[in-house]
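Read the structure below first, then the notes.
Quick note: numbers below take in every heavy atom, side chains included, and nothing from hydrogens, waters or symmetry partners. Proteins come first, then strands; the chains are lettered A, B, ... in the order of their sequence lines, and each starts at number 1.
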Amino acid sequence: MKKELARTYDPKGIEDRLYQKWLDGGYFHAEVNKDKKPFTIVMPPPNITGQLHMGHALDNTMQDILIRWKRMQGYEALWQPGTDHAAIATEVKVTDHLRQQGIDKNEIGREKFLEYCWEWRKDYGSRIIKQLQKLGSSADWDRERFTMDEGCSDAVLEVFQRLYEKGYIYKGSKIINWCPVCQTTISDAEVEHQDQNGFFWHINYPVIGEEGRFVEIATTRPETMLGDTAVAVNPNDERYTDIVGKMLLLPLTGRQIPVIADEYVDMEFGTGCVKITPAHDPNDFEVGKRHDLPEINILNDDGTMNGLCGKYTGMDRYDARRQIVADLEELGLLVKVVPHTHAVGTHDRCHTTVEPMIKQQWFVAMEEMAKPAIEAIKNGDLTFVPERFDKIYLHWLTNIRDWCISRQLWWGHRIPAYYCGDCKRTIVSKKAPEKCPDCGQTHLVQDPDTLDTWFSSALWPFSTLGWPEKTPEMEYFYPTDVLVTGYDIIFFWVIRMVFSGYEQTGKSPFHHVLIHGLIRDELGRKMSKSLGNGIDPLEIINEYGADALRLTLMTGNAPGNDMRFTRSQVEASRNFANKIWNASRFIMMNLPDGEIRQPAPDELLVADRWILSRINTVTKEVTENLERYELGIAVSKIHDFLWDEFCDWYIEIAKMRFNKENADEASANAALWTLRTVLTQGLKLLHPYMPFVTEEIYCTLLPDEETIMTSPWPEYREELDFPKEAAMIESFKELVRGIRNLRMSMNVPAGTKTELFIVGKDAQSAAEFSAVLDSMKGIGRMLFAKKIEVRADAEGIDADAATVVTGRVTAYIPLNELVDKEKEIQRLSAESAKMDREIARAEGMLSNPNFVNKAPAAKVEAERGKLEKYRSIKNQVEEQLKRYR
RNA sequence: GGAAGGUUAGCUCAGCUGGGAGAGCAUUCGCUUGACGUGUGAAAGGUCGCAGGUUCGAGCCCUGUACCUUCCACCA
């Protein structure tokens with residue numbers, strides 16, 4: 001019983017049904033299989049707090065395309081999925097959530113809070129996964145992991161201990177970035193520099209012992225003067241040589257601070273005098289170390305002034321700034337206020353201005369670990385697509401500073417460091433020690449801090465495969481093949497995975513990094529929550545289908561480039577799905593109830609060979625494009641082939657062969673066989689991009705097949721290359737277009753059918769064309785002809801007939817009274833003149849010895865071919881003009 | 001202050017190793033052709049930012065330049 005398809009493709013219902021079928025079939029699951037080659041992608045784990053956005057949709061579509069393609073190619077294709085605990089993002093969300101219920105995080109305490117977090121993860125952790133599934137993602141959900149599950153946590157502790165023992169993890173008192181709102185440290189990568197309009201406040205510091213003499217400093221953060229412990233000048237600055245070593249009276253505090261000389265000071269900038277606040281500025285910190293200056297922390301963790309700030313104690317940092325400026329003005333020490341734009345460090349998550357502070361924190365020493373990661377690019381173990389991201393990667397790695405990994409958060413991996421309450425010793429151990437190995441006491445307290453969320457995601461490519469255990473999965477699937485991600489997280493994630501991979505496994509965790517850009521809105525703006533301009537992928541899927549969304553995201557998208565998302569593109573994608581659907585529907589409507597025979601080679605007609613040859617070529621090119629990660633180019637080739645060549649030409653040419661009037665069984669069978677073969681192959685090529693519609697058609701078309709998902713990827717076959725037939729069909733298309741244009745220009749009604757005489761430019765062309773036409777039953781309809789006749793010459797054809805000239809043949813169309821001879825002469829003269837120009841151009845090139853000698857032979861040959869064709873057309877046009885005159 | 005990317009049709013963008021400028025959308029003019037109007041046939045529309053250079057030949061390579069975007073950056 002033949003199955004039938006609906007009149008238009010409606011993805012609703014079909015998608016969910018097929019996805020469930022795939023899940024039930026276990027097609028997404030990968031196993032260690034020594035008989036197959038592995039292909040592995042680890043999915044960038046979405047946050048458990050996350051909602052699917054266009055970035056996810058793009059990222060996962062690309063991965064799904066690669067995985068589906070490789071799976072069809074016969075690889076054991078593992079797409080390893082999972083979610084990220086997203087330490088700070090989740091903690092903030094849960095805290096807010098609790099606050100709304102009147103629950104204070106600090107009152108309920110750590111344990112209780114973590115319970116709420118786990119509950120949150122239970123409620124929302126699978127939401128994003130379900131959304132990824134709506135997209136059609138064929139990840140191996142049986143292997144879904146979570147950065148805080150048992151295995152991943154074990155990997156984290158293992159790495160911490162190893163790096164600590166190696167001396168690469170250390171605890172130290174350094175300047176860190178502090179977010180007063182989130183009340184935690186953040187890494188350098190999390191600091192966003194924003195240009196802000198501020199001021200330069202010029203302040204006089206009185207020189208002690210020299211009445212009326214001042215040192216004028218300029219600052220953008222006047223409140224930090226409370227923590228000043230020196231003023232620095234350049235040692236070569238003659239203006240200040242005499243006061244170096246003298247003491248200044250720090251206004252508002254009564255403290256005395258020295259004038260020191262340090263190369264760090266730029267003589268040209270500002271007044272040449274710099275206040276030094278070692279506890280609240282990274283540069284000043286370094287200066288302070290060199291000069292052994294005291295470090296005075298003046299801030300509380302919430303950004304208010306601390307107990308060392310006298311009357312300012314307890315004030316918010318900005319209130320204190322205003323008050324201090326006012327007080328200085330009153331004292332007559334404020335020289336001037338100059339507007340000044342400068343880059344301010346802000347927390348990328350909450351956009352609060354970050355305060356540099358000295359704190360005791362845990363760090364990862366980066367210098368040694370960065371080396372193999374740098375080397376990886378240079379020796380080709382790791383490549384970026386596109387390559388230009390090499391530079392960004394290398395620049396960051398070569399300027400890397402130690403990574404501050406401790407966070408004052410509760411949700412995350414707790415640092416496995418324990419402090420002996422008695423002898424103060426620090427013990428780092430995966431397992432909590434029972435007693436202090438030094439003094440034997442049991443008063444051990446674990447460090448309260450947790451690790452930067454990226455510390456665990458840095459291990460993701462191998463922690464998910466069972467590392468540090470020597471699992472078969474590690475052995476087989478690792479290193480992974482390609483990582484797909486956006487350029488915005490190269491620093492956060494890609495780099496940290498690479499150096500962690502080398503350090504822990506001795507290998508780069510992946511060979512290629514395929515970088516994509518951002519999806520922007522129709523106006524080119526970033527999609528963001530605050531702008532409210534985000535387009536919800538789920539809404540698009542609901543309205544147009546997942547296939548349409550996927551195709552839209554891939555069309556015209558070049559690696560690393562941003563793209564705009566427009567509804568008109570989605571509509572075009574949906575239309576394509578419908579086009580394929582209808583072509584398939586048409587083919588299926590015409591399939592016989594019984595079997596289609598595989599035609600004998602000589603039963604395949606010219607057009608059949610042409611389209612088989614074309615899809616053979618397209619298969620080759622598409623595969624090559626995919627190998628180079630040119631996903632956008634590949635899909636446009638599939639799209640153009642299926643729509644323009646297969647639907648608009650081959651189906652039109654072939655359809656007459658199997659209508660009811662055609663009694664030629666062999667011809668009908670060959671046409672149907674070719675249609676089904678080419679469609680099947682086209683569906684396969686398209687499947688990675690548009691999995692749902694292709695699966696639905698494939699399984700209806702071939703009822704014995706279980707799924708297209710695991711069907712073999714088509715391969716190029718040399719014996720299906722038919723260049724001669726391809727050229728013949730191109731010539732036929734040229735004629736059809738010519739006739740259409742002619743009729744259009746003469747306003748011939750579509751219903752008017754004519755006689756059509758075709759004369760070859762030589763005997764061979766005539767014979768070939770004759771063969772082409774013989775192979776096209778009923779093709780007269782396409783040519784608007786009631787009778788077609790191929791002749792040796794134009795003898796006896798009505799001299800008034802209109803003509804269409806192509807490279808190989810001239811068609812004569814007796815249109816009688818419809819022909820305006822003068823207009824025809826005009827038209828043909830114009831054509832003749834055009835050919836003259838083309839001939840001149842080609843002759844010019846070919847008479848240039850430099851071109852003939854230096855250009856590749858194929859190019860020269862092609863040019864000769866063109867010249868010949870133009871000459872032939874020119875001759876035929878001239879012949880025709882003679883007839884008219 | 002450094003770096004990367006962009007500048008191609010009205011709009012959004014492709015253009016792979018240099019060899020006669022492409023797509024989608026929009027516009028204009030046709031088509032009840034027995035799969036599809038979510039269709040179909042055509043037309044119009046570009047000095048490929050500007051100036052040099054290399055080359056037989058440049059949208060593509062080199063140099064400079066203008067504008068836009070983004071990233072990095074401890075001049076207080």
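- The nucleotide whose nearest atom lies closest to any side-chain atom of A:Arg564 is, among B:C13, B:G15, B:G34, B:C13.
- Within 4.0 Å (heavy atoms only), A:Phe491 reaches sugar-phosphate atoms of the nucleic acid but no base atom.
- Closest to the side chain of A:Val274, out of B:G41, B:A76, B:G19, is B:A76.
- Under the Watson-Crick and G-U wobble criteria, each requiring two contacts below 3.5 Å, nucleotide B:A66 is paired to B:U7.
- Distances shown here put every side-chain N or O of A:Arg7 at or beyond 4.0 Å from the OP1 or OP2 atom of B:A35.
- Within the 4.0 angstrom heavy-atom criterion, base atoms lie near A:Asp266.
- Residue A:Asn625 contributes atom CG, which lies 12 Å from atom C1' of B:A14 at whole-angstrom precision.
- The distance from atom NE2 of A:His193 to atom P of B:A76 is 10 Å, rounded to the nearest whole Å.
- When each of B:U70, B:A73, B:G19 is scored by its nearest atom to the side-chain atoms of A:Ala343, the top-ranked nucleotide is B:A73.
- Contact annotation for A:Ala855: base contact, defined as any heavy-atom pair under 4.0 Å involving a base atom.
- Residue A:Trp643 is classed as a sugar-phosphate contact, given heavy-atom separations below 4.0 Å to backbone atoms only.
- The NZ-C1' distance, from A:Lys579 to B:C36, rounds to 6 Å in whole Å.
- Within the 4.0 angstrom heavy-atom criterion, only backbone atoms of the sugar-phosphate kind lie near A:Asn561; the bases stay farther away.
- Counting any heavy atom pair closer than 4.0 Å across all strands shown, A:Trp396 reaches sugar-phosphate atoms only and no base atom.
- With both pairing distances under 3.5 Å, B:G41 is matched to B:C29 as a Watson-Crick or G-U wobble pair.
- B:G22: Watson-Crick or G-U partner is B:C13, with both key distances under 3.5 Å.
- Shown here, B:C71 forms a base pair with B:G2; the pair counts as Watson-Crick or G-U wobble because both key distances fall under 3.5 Å.
- Using bins of under 30°, 30° to 60° and over 60° for the plane-to-plane angle, the ring pair A:Phe389/A:Phe384 lands in the tilted bin.
- Residue whose closest nucleotide on RNA chain B sits further toward the 5' end, between A:Glu630 and A:Arg781: A:Glu630.
- Take the nearest nucleotide of RNA chain B for A:Glu571 and for A:Gly556: the residue whose nucleotide is more 5' is A:Gly556.
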For this session: Carefully, step by step, assess A:Leu867 and A:Met845 under the rule side-chain contact (heavy atoms from CB on, under 4.5 Å).
Result: CA-CA 10 Å; A:Leu867 178 58; A:Met845 277 178 88; over 6 Å; no
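- A:Asp348 places its CG atom 14 Å from the C1' atom of B:C71, with the value rounded to the nearest Å.
- Within the 4.0 angstrom heavy-atom criterion, no nucleotide atom of any strand lies near A:Asp281.
- In this entry B:G59 has no Watson-Crick or G-U wobble partner, no candidate having both defining distances under 3.5 Å.
- Here A:Asp640 lies out of heavy-atom contact (under 4.0 Å) with every strand.
- For A:Gln569 against B:A23, no side-chain N or O and base N or O form a donor-acceptor pair under 3.5 Å.
- In this entry the distance linking NZ of A:Lys526 with C1' of B:U70 reads 8 Å, nearest Å.
- When heavy atoms are screened at a 4.0 angstrom cut-off, A:Arg737 is found touching the sugar-phosphate backbone but no base atom.
- Across all strands shown, A:Glu652 has heavy atoms under 4.0 Å from base atoms, whether or not it also approaches the sugar-phosphate.
- Remark: of the listed residues A:Thr619, A:Asn625, A:Thr617, A:Asn625 is the sole one forming a side chain to side chain donor-acceptor pair (under 3.5 Å) with A:Lys637.
- Taking the six-membered ring where the residue is Trp, A:Phe200 and A:His202 present perpendicular rings, their angle passing 60° and hence far from 30°.
- Across all strands shown, nothing is found opposite B:C36 as a Watson-Crick or G-U wobble partner with both distances under 3.5 Å.
- To the nearest 0.5 Å, the span separating CG on A:Leu701 from CD1 on A:Ile697 amounts to 8.5 Å.
- If you check every strand for non-hydrogen atoms under 4.0 Å, A:Pro856 touches a base.
- B:A73 atom P lies 17 Å from atom NE2 of A:His342, rounded to whole Å.
- When the side-chain nitrogen and oxygen atoms of A:Asn399 are compared with OP1 and OP2 of B:A73, none of them lie within a distance under 4.0 Å.
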Problem set entry | Criterion side-chain contact (heavy atoms from CB on, under 4.5 Å) on A:Thr383 and A:Val513, from CA distance to verdict | CA-CA 6 Å; A:Thr383 57; A:Val513 183; over 6 Å; no
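- B:U70 atom P lies 12 Å from atom CD of A:Glu192, rounded to whole Å.
- A:Arg574 comes within 4.0 angstrom of a base, heavy atoms only.
- In this structure, A:Ile490 atom CD1 and B:A4 atom P are separated by 14 Å, rounded to whole Å.
- Note on ring orientation: taking the six-membered ring where Trp is involved, the planes of A:Phe269 and A:His340 are perpendicular (angle over 60°, cut-offs 30° and 60°).
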